[in-house]
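Each remark here refers to the structure printed beneath this line.
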Amino acid sequence: SSQLPDGRVLPLPPVILGELGKDPQNPTVCFYGHVDVQPAKKEDGWNTDPYTLTEIDGVHLFIRNLYGRGATDNKGPVLAWINAVETVRALKLAMPVNFKFVIEGMEEAGSLGLEKLLEEEKQSFFSDVDYIVISDNLWLSSKKPALTYGSRGNACFFVEVK
């Protein structure tokens, strides 16, 4: 729980922990994402209601222009991983890794409660995690995503994208 300046105590939203696959031959990858957003009002410069996902300019082949608070930070990246798993399963392909997901709703307020949960679950849910992927990135422009190759000091490596 969290105490407000006026003394009221609010419960924290739950952190969603999910997993798919327990093959001991596969590495286990844990994907982290958050689904909360900063406050927004239409007068902040939005052309549409910031909390109603709106498609503008229709569908162009496989590209959709979707506008809404949190679409790229960070609901879109969370859904991208879930959709990737869904696609692998729909195609009846072998899972290349065991998947674990941590989806939380307090990142924009400092991830209150997350550290306690990580500590509580380190010997159980997180005990077999080999890699962690944080998909909380940005776009450099409307057509150019950023490729973050190191985050929070956890890993640094070289990736060439063509």
Side-chain angles (χ1 to χ4, degrees), residues 1-40 50-53 62 64 66-140 144-162:
S1 62
S2 178
Q3 186 169 6
L4 298 175
D6 66 5
R8 289 183 295 155
V9 176
L10 296 176
L12 297 177
V15 175
I16 299 168
L17 301 177
E19 62 184 319
L20 179 63
K22 288 190 170 281
D23 185 338
Q25 302 301 313
N26 285 346
T28 298
V29 180
C30 181
F31 299 94
Y32 164 84
H34 69 92
V35 292
D36 60 321
V37 296
Q38 289 287 331
Y51 293 101
T52 300
L53 189 62
F62 297 109
R64 301 181 84 175
L66 299 173
Y67 294 82
R69 194 67 169 162
T72 60
D73 183 16
N74 189 48
K75 294 171 186 159
V78 168
L79 280 175
W81 287 112
I82 292 170
N83 290 336
V85 170
E86 180 182 46
T87 300
V88 169
R89 291 188 70 181
L91 294 172
K92 297 185 179 3
L93 299 173
M95 291 289 184
V97 298
N98 300 314
F99 292 92
K100 292 204 174 191
F101 292 93
V102 176
I103 302 170
E104 61 128 342
M106 291 294 295
E107 191 271 350
E108 297 289 3
S111 295
L112 302 174
L114 183 62
E115 184 175 356
K116 180 179 179 213
L117 175 88
L118 296 175
E119 187 64 36
E120 290 170 354
E121 293 289 335
K122 74 179 179 182
Q123 298 302 321
S124 53
F125 183 80
F126 297 107
S127 65
D128 60 347
V129 171
D130 298 299
Y131 305 100
I132 297 175
V133 176
I134 300 172
S135 295
D136 188 0
N137 295 309
L138 55 92
W139 285 67
L140 299 175
K144 190 174 193 179
L147 178 61
T148 303
Y149 58 85
S151 180
R152 301 177 192 188
N154 293 327
C156 294
F157 51 88
F158 178 78
V159 175
E160 185 174 329
V161 178
K162 293 183 181 180

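Since the structure is predicted, the reported quantities are computational estimates derived from the model, not experimental observations. We use all heavy atoms of the structure for the numbers below, so side chains are in, but hydrogens, waters and symmetry mates are not.
- With rounding to the nearest 0.5 angstrom, the CG atom of L53 is 5.0 Å from the CG atom of L66.
- F101 and F99 have parallel rings, their planes meeting at less than 30° on a 0 to 90° scale where 60° marks the start of perpendicular.
- Judged by distance alone, with hydrogens and angles left aside, the side-chain atoms of N74 form no donor-acceptor pair with the main-chain N or O of V35 at under 3.5 Å.
- Under 4.0 Å is where a charged nitrogen must lie from a carboxylate oxygen, and between D128 and K100 at least one such pair does.
- A pairwise comparison of heavy atoms in H34 and D73 identifies NE2-OD1, 2.9 Å as the closest pair.
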Checking side-chain contact (heavy atoms from CB on, under 4.5 Å) for the pair Y131/T28: CA distance, chi angles, key distance, verdict? CA-CA 7 Å; Y131 305 100; T28 298; over 6 Å; no
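- The shortest non-hydrogen separation linking G105 to P13 is O-CG, 3.9 Å.
- Taking 4.5 Å as the limit, every side-chain heavy atom of L20 sits out of range of all side-chain heavy atoms of N98.
- Within 6.0 Å of atom OH in Y51, more than 12 heavy atoms from other residues, nucleotides or ligands are found, so the atom counts as buried in its surroundings.
- Distance check, rounded to the nearest 0.5 Å: CD1 of I103 to CG of L79 gives 8.0 Å.
- Counting heavy atoms from C-beta on, the side chains of S127 and K122 never come closer than 4.5 Å.
- Annotation: side chain of I82 is not in contact with side chain of F31 (no heavy-atom distance under 4.5 Å).
- Y32 has its side chain out of reach of P77: every pair of non-hydrogen atoms, C-beta onward, lies at least 4.5 Å apart.
- Between F125 and G18 the shortest heavy-atom distance is CZ-O, 3.5 Å.
- Under the 4.5 Å side-chain criterion, counting only non-hydrogen atoms from C-beta, C30 is not in contact with V133.
- The side-chain heavy atoms of Q123 and E120, taken from C-beta on, include no pair separated by under 4.5 Å.
- A heavy-atom distance below 4.5 Å is found between the side chains of K75 and V37.
- E121 places a side-chain heavy atom less than 4.5 Å from the side chain of L17.
- Of all the heavy atoms in D36 and E108, the pair that sits closest is OD2-N, 2.7 Å.
- Shown here for R69 and Q38, the closest heavy-atom pair between the two residues is NE-O, 3.0 Å.
- In terms of heavy-atom proximity, E104 sits nearest to E107 at OE1-N, 3.4 Å.
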